[in-house]
J.: 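Dumping the structure here so I can ask a few things about it.
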There are 2 protein chains.
Amino acid sequence: MAASTLTEVARLAGVSPATASRVLNGSARKPGQDIAERVRQAAASLGYIPNAQAQGLAKSSSGLIGLIVHDIADPYFAAIARGVQEAAREQRKMVLLATTEGAPADEREAVAAFAARRADSIVIAGSRSSRPEDQEGNAGLAAELDRYCRNGGHVGVVGHPVVGATATGGYHVVPVPNEELAASLAEELAATHNGDFVIIGGPEGLFTSDDRVRGFQRGLSKAGRPPAEVLRSAFNRSGGYEAGLALAARIKAARTKAESDGIKGAGSDDGDGPAASSRICIFAANDVMAIGAAAALRSEGLRIPRDATIAGFDDIETLRDFRPALSTVHLPLEEIGRQATRSANAGAETGDGEEAPAPVTGHVTLRRSTETHG
Amino acid sequence: MAASTLTEVARLAGVSPATASRVLNGSARKPGQDIAERVRQAAASLGYIPNAQAQGLAKSSSGLIGLIVHDIADPYFAAIARGVQEAAREQRKMVLLATTEGAPADEREAVAAFAARRADSIVIAGSRSSRPEDQEGNAGLAAELDRYCRNGGHVGVVGHPVVGATATGGYHVVPVPNEELAASLAEELAATHNGDFVIIGGPEGLFTSDDRVRGFQRGLSKAGRPPAEVLRSAFNRSGGYEAGLALAARIKAARTKAESDGIKGAGSDDGDGPAASSRICIFAANDVMAIGAAAALRSEGLRIPRDATIAGFDDIETLRDFRPALSTVHLPLEEIGRQATRSANAGAETGDGEEAPAPVTGHVTLRRSTETHG
DNA sequence: CTGTTAGCGCTTTCAG
DNA sequence: CTGAAAGCGCTAACAG
């Protein structure tokens, strides 16, 4: 029992399908009042629902926005997705979701699937990678994206342009000043922290991570500090946890040594904590990693900010209640999602009209996790 | 410059569109090796991407799964969404996302939109409501859903059936034993907590919340305890926060009174905390509310579990690093999403074949937030 | 095994 | 202002 069709509605109303179409779905031309009413009644009584596929086929436009994320359950992407969803709603479009774990090959596939569905635009969130093993995948992704653009598609990318994409039009990037913000964070941190800094970054080659690491180092150097050591692990909580474990071992070893050397202030569980100068400040390239690292330290009996201080990046909302409150860099994730979606659509709609939105910006947010009490 | 079509590919390969279709997209019949290769080459050289809309129109099936959630940025829904996404992938389908803030009218609209796109199935997550103001919306939603099912659609609902839905087939519910689990939680809590219990629930009429509240009360009564007072607020973090503020005021007032009454043990900031019997145990109907409540208590200078204990429900992954670790009821959210998706599809595919999956179950997980130290 | 012929449901010229 | 006709791109019966 299939849904009723326009033709059926038209027949019931005693008009032609063309007329029915004109009244039911927007058209420049407006049929007469009486006829219109009859059609509407017929449609209602039949419970008519237009077949979007057919409409799409006829108008060659689908009312779909494709969204590509690494993992929808990651709060970073979830926040962006919410923004995309909002913007989609404004445009009276629906969003098609694809999750790829960040694998370029999967992203390519997702783009192809979106293209097949004739998505009006595609939004890609999630860090691009330039790792050697991703070279091939990236090339494929770029090619697919180019093709999509060439066929009239519009894409909005969060953060970094897709490497190798050459399409001239239909390409929109929402730049996120990761490097600058990380530099500011480092500078602000350096103002109160006298000890060493250690960075927990994602795998080398992940642009977002690399930018943040680079920016942090730059900020450090601007503050007259030596570069921080960089630990690499997965760009998620468990990566942070692992790195945190390694750091915990190191901190404990240092403490033990200090104790046997008889240095005062390098107390154990109940003292004032290590001397300010021996305490390290950890910068994790994103909040989720920072939380993982903090959990690892805690599980090793270390306390923050007493035994080590830590900062993240993103200012994930769900993590805001975490204690000690995490110092981080606030990013307007939802807004970023909205902008990526809007910019892609602007291209699609007005051929690049609209006023440019204010560029995305964030701000350093120092909280308890990096307090140097005293 | 539109994408190239099957016809073009066929022409280039010197075959008929039908043949090209047979080789490019699966068909029971398999063209000859030579011809197939020629077609494949032609397709590749033209960068052919099948038009899913056209395919859908012709086959009347879209390869789409509609997912309805309250808010994709809420970790509860994000987790379910991930499960849905996974299941969708298994079925080689894509997921269409709709967020509704839980408003039945919006949900109805979303169902209509999915129906218009001829989604093969629809998954609805997010508590149903029976509040008076939602009556009308619910009826509309039910009607829309029924129509969708009657037209051959399949729907999977998480938790509670949609009120008023009467369609006989195509309807699948993944039951979540909220009530039973909440009862178990209450019982386990009652085993060690001697003071009063207070429940922070969502608005009355939200099934999920009501089930949990009811279950908790039942567990309490089974443990020989009087029913707990129920505070109502929004079913999210800020609802929890507000309720937490109210409770904090109450706790502080009680403490002040106790102090002036000279009762020992009702200490202030650094004592042993209130006497065990005067400390309340808070049950928030979901983790996010619990976190909000905990934040409120903390902001009022109260500590958990010293001044009050608290438990939530869901065991949200992102919140697992929260300290004190939150006692809660673990729910396999991702699995729930998967099952809802699979069950809907099972109906769609085999007319209800497949072996039934193990019913969803959860388990009480007691952690630090409800420790009664001693 | 291949090609031909009809549509799927809707929009959109183009006549009337 | 309305209706008739011609597709959008693809699949699915039928023939050959």
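A quick note: this is a predicted structure, and the numbers were derived from the prediction, not measured. Just so it is clear: chains get the letters A, B, ... in the order the sequence lines come, proteins before strands, and each one is counted from 1.
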J.: Using five base pairs at each end to define the local axes, how bent is the helix from C:dC1-D:dG16 to C:dG16-D:dC1, to the nearest 10°?
T.: 40°

J.: Return no unless some side-chain N or O of A:Thr19 is found under 4.0 Å from OP1 or OP2 of D:dG3.
T.: yes

J.: I'd like to check the salt bridge (charged side-chain N to carboxylate O under 4.0 Å, His left out) partners of A:Arg82; sequence neighbours left out, ordered by chain and number.
T.: A:Glu334, B:Asp71

J.: Which residues satisfy the side chain to side chain donor-acceptor pair (under 3.5 Å) test with B:Arg89, sequence neighbours excluded?
T.: A:Asp106

J.: Sequence neighbours left out, what passes ring-ring contact (aromatic ring centres under 6.0 Å, His included) with B:Tyr171? Give chain and number order.
T.: none

J.: Is there any protein nitrogen or oxygen under 3.5 Å from a nitrogen or oxygen in nucleotides 6-10 of chain C, and what are the pairs?
T.:
from: C:dC8; atom 1: O2; to: B:Ala58; atom 2: N; distance (Å): 3.3
from: C:dG9; atom 1: N2; to: A:Ala54; atom 2: O; distance (Å): 3.4
from: C:dC10; atom 1: OP1; to: A:Tyr48; atom 2: OH; distance (Å): 2.4
from: C:dC10; atom 1: OP1; to: A:Asn51; atom 2: N; distance (Å): 3.3
from: C:dC10; atom 1: OP2; to: A:Leu6; atom 2: N; distance (Å): 2.3

J.: With sequence neighbours left out, what residues match B:Glu109 under salt bridge (charged side-chain N to carboxylate O under 4.0 Å, His left out)?
T.: none

J.: Got a sec, which pairs hit side-chain hydrogen bond (donor to acceptor under 3.5 Å, both in side chains) with one end in residues 40-61 of chain A, sequence neighbours left out?
T.: none

J.: About how many Å separate OG of A:Ser16 and CZ of A:Arg22, when rounded to the nearest 0.5 Å?
T.: 6.0 Å

J.: For B:Glu86, give me all partners under salt bridge (charged side-chain N to carboxylate O under 4.0 Å, His left out), at least two apart in sequence or on another chain.
T.: B:Arg338

J.: How would you list, by chain and number, every residue that makes a salt bridge (charged side-chain N to carboxylate O under 4.0 Å, His left out) with B:Glu144, sequence neighbours excluded?
T.: B:Arg108, B:Arg147

J.: Partners of A:Thr7 by side-chain contact (heavy atoms from CB on, under 4.5 Å), sequence neighbours excluded?
T.: A:Thr5

J.: To the nearest Å, how far apart are B:Arg22 CZ and D:dT11 P?
T.: 11 Å

J.: Side chains of residues 62-70 of chain A: which donor-acceptor partners sit under 3.5 Å, not counting sequence neighbours?
T.:
from: A:Ser62; atom 1: OG; to: A:Leu64; atom 2: N; distance (Å): 3.3
from: A:Ser62; atom 1: OG; to: A:Arg118; atom 2: O; distance (Å): 2.6

J.: Identify, residue by residue, the members of residues 8-15 of chain B with a heavy atom below 4.0 Å from DNA chain D, and return them in order of residue number, or none.
T.: none

